[in-house]
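Inspection log for the structure reproduced underneath, given as structure tokens.
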2 protein chains.
Amino acid sequence: MATETRERIVEAADLLFYQHGFEATSFADIARTVGISRGNFYHHFKTKDDILDGVINRRLANTEQMLDRWEIAGSDPAERIRSFIHILIVNGEKIRKFGCPVGTLSSELAKLNHAAKSDAAALFTLFRSWLRRQFERLGFGDKSDELAMHILGRSQGVATLANAFDDDRFLRHEVELMCDWLDVQIADLTNSNHPTGE
Amino acid sequence: MATETRERIVEAADLLFYQHGFEATSFADIARTVGISRGNFYHHFKTKDDILDGVINRRLANTEQMLDRWEIAGSDPAERIRSFIHILIVNGEKIRKFGCPVGTLSSELAKLNHAAKSDAAALFTLFRSWLRRQFERLGFGDKSDELAMHILGRSQGVATLANAFDDDRFLRHEVELMCDWLDVQIADLTNSNHPTGE
DNA sequence: GACGAACTAGGACGATTGTCCTATTTTCAG
DNA sequence: CTGAAAATAGGACAATCGTCCTAGTTCGTC
């Protein structure tokens with residue numbers, strides 16, 4: 001079936017782009033991985049940028065799906081944020097090898113001056129909006145976006161260094177710190193809501 | 001003179017690697033920028049990896065020099081750490097366009113499985129050790145390395161997101177937060193040294 | 001069962017890649 | 001001034017890049 005082959009191509013490209021980068025992954029590499037000819041390849045994707053579009057859309061869909069699942073599973077917004085923070089540990093091995101899929105793609109496309117850079121940034125926006133929504137539900141109001149960006153930035157930095165030093169201990173320690181930070185934020189919020197004590 | 005041309009090559013390669021990445025920068029690109037022939041080029045650098053080595057060594061030397069200058073200029077270790085944090089603002093424009101030179105190179109080489117990955121990580125180590133030394137002087141003892149890594153990670157994350165969103169406000173806000181964090185760390189330290197109060 | 005569309009294979013294309021070679025020019029010590 | 005070494009230019013090299021084309025094959029629909 002057509003869609004099946006197309007799906008296999010995007011899936012293979014997704015993995016290769018993550019592991020070796022967009023620029024370093026060739027048309028031939030993907031075709032070889034999928035086990036199809038380059039000619040067949042071109043029937044599904046006219047240009048390399050088309051594949052990139054496909055990969056980004058796939059990641060957008062997958063991410064959205066994951067965030068939706070969290071939205072249902074965890075009843076507590078704080079617990080959902082902790083779910084986000086813990087991706088660093090869940091995907092720890094991959095991150096130590098290849099970095100964060102979102103951050104590294106965004107950085108590469110920025111350097112390549114690639115038109116799809118904003119599409120890659122949309123992946124970040126997905127997380128950002130989701131996190132902001134959780135903070136809003138916790139009652140942080142206008143500060144929610146700032147807090148979302150803060151968490152997002154922290155996890156990006158942790159991914160970068162865990163990758164550079166291949167350091168699992170650091171990664172886990174920073175995850176703890178981020179959870180501690182979250183607890184403090186929530187505690188400060190409840191204090192400021194009841195300034196005179198109970 | 002020989003060394004002069006060599007220096008110009010490394011300088012141009014340094015900039016191009018930063019702005020467009022190592023993989024995306026070709027031999028011809030560098031030669032064109034410097035204004036020399038590819039043949040002349042090969043006389044100075046046998047392979048592309050040799051240029052990468054040259055660029056990394058140049059960055060190592062420049063970084064070391066910058067850190068040494070800070071070590072002399074600022075008498076207070078805390079002030080020196082603030083100098084480090086403020087690179088984000090000083091180089092803000094470049095960072096928003098191309099990300100952090102250290103982090104993006106490290107990420108790219110990790111994906112390329114390049115032998116020089118550890119050399120690029122040495123750039124991180126330079127900052128890490130310097131920061132650890134400052135924390136040690138402030139009296140943080142065994143915690144110094146953890147704090148150094150924390151600061152390093154935070155700035156990496158800020159650079160990644162400032163680049164992805166081209167957001168100067170976020171960058172400046174996070175720099176403030178990092179400085180606040182530093183103040184809290186120092187305050188906590190002095191409190192724990194005088195647990196019963198003055 | 002026939003026929004058009006979708007799918008697949010494999011090769012050709014010009015351009016560019018990193019690398020290497022051979023001339024020519026420049027530099028500088030004896 | 002001379003001759004060896006260093007520096008430079010420019011092209012050749014095979015390999016690979018993204019792209020495109022032309023054949024076959026398979027499929028679904030009348």
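In what follows, chains are A, B, ... by sequence order, proteins preceding strands, each numbered from 1.
- Note: CG (B:Asn40) to C1' (C:dT26) measures 12 Å, nearest angstrom.
- Side-chain N or O atoms of A:Tyr18 include one that pairs as donor or acceptor with a backbone N or O of A:Gly99 at under 3.5 Å.
- Taking atom CD1 of residue B:Ile30 and atom P of nucleotide C:dT17, one finds them 11 Å apart after rounding to whole Å.
- At distances below 3.5 Å, at least one donor-acceptor pair connects side-chain atoms of B:Asn163 with backbone N or O atoms of B:Lys97.
- One atom, NE2 of A:His44, and another, C1' of C:dA5, lie 14 Å apart when rounded to the nearest Å.
- A distance-only check finds no donor-acceptor pair linking the side chain of A:Ser107 to the backbone of A:Thr104 [under 3.5 Å].
- Checked by atom type, the side-chain pair A:His150/A:Arg154 shows a donor-acceptor distance below 3.5 Å.
- The phosphate of C:dT8 (OP1 or OP2) has a side-chain N or O of A:Thr5 nearer than 4.0 angstrom.
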Tabulate atom names and distances for all N/O pairs under 3.5 angstrom spanning the protein and nucleotides 13-19 of chain D.
from: D:dC17; atom 1: OP1; to: A:Ser26; atom 2: OG; distance (Å): 3.2
from: D:dG18; atom 1: OP1; to: A:Lys48; atom 2: NZ; distance (Å): 3.1
from: D:dG18; atom 1: OP2; to: A:Phe27; atom 2: N; distance (Å): 2.9
from: D:dT19; atom 1: OP2; to: A:Lys48; atom 2: N; distance (Å): 2.8

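- Looking only at side-chain heavy atoms (C-beta outward), B:Gln156 and A:Gln156 stay at 4.5 Å or farther from each other.
- B:Asp29 and B:Ser26 share a side-chain donor-acceptor pair at under 3.5 Å.
- Atom CZ of A:Phe45 is separated from atom C1' of C:dA6 by 15 Å (rounded to the nearest Å).
- For the pair A:Ile36 CD1 and D:dT25 C1', the computed distance is 15 Å after rounding to whole Å.
- The shortest distance between the side-chain N/O atoms of A:His43 and the OP1/OP2 oxygens of D:dC21 is not below 4.0 Å.
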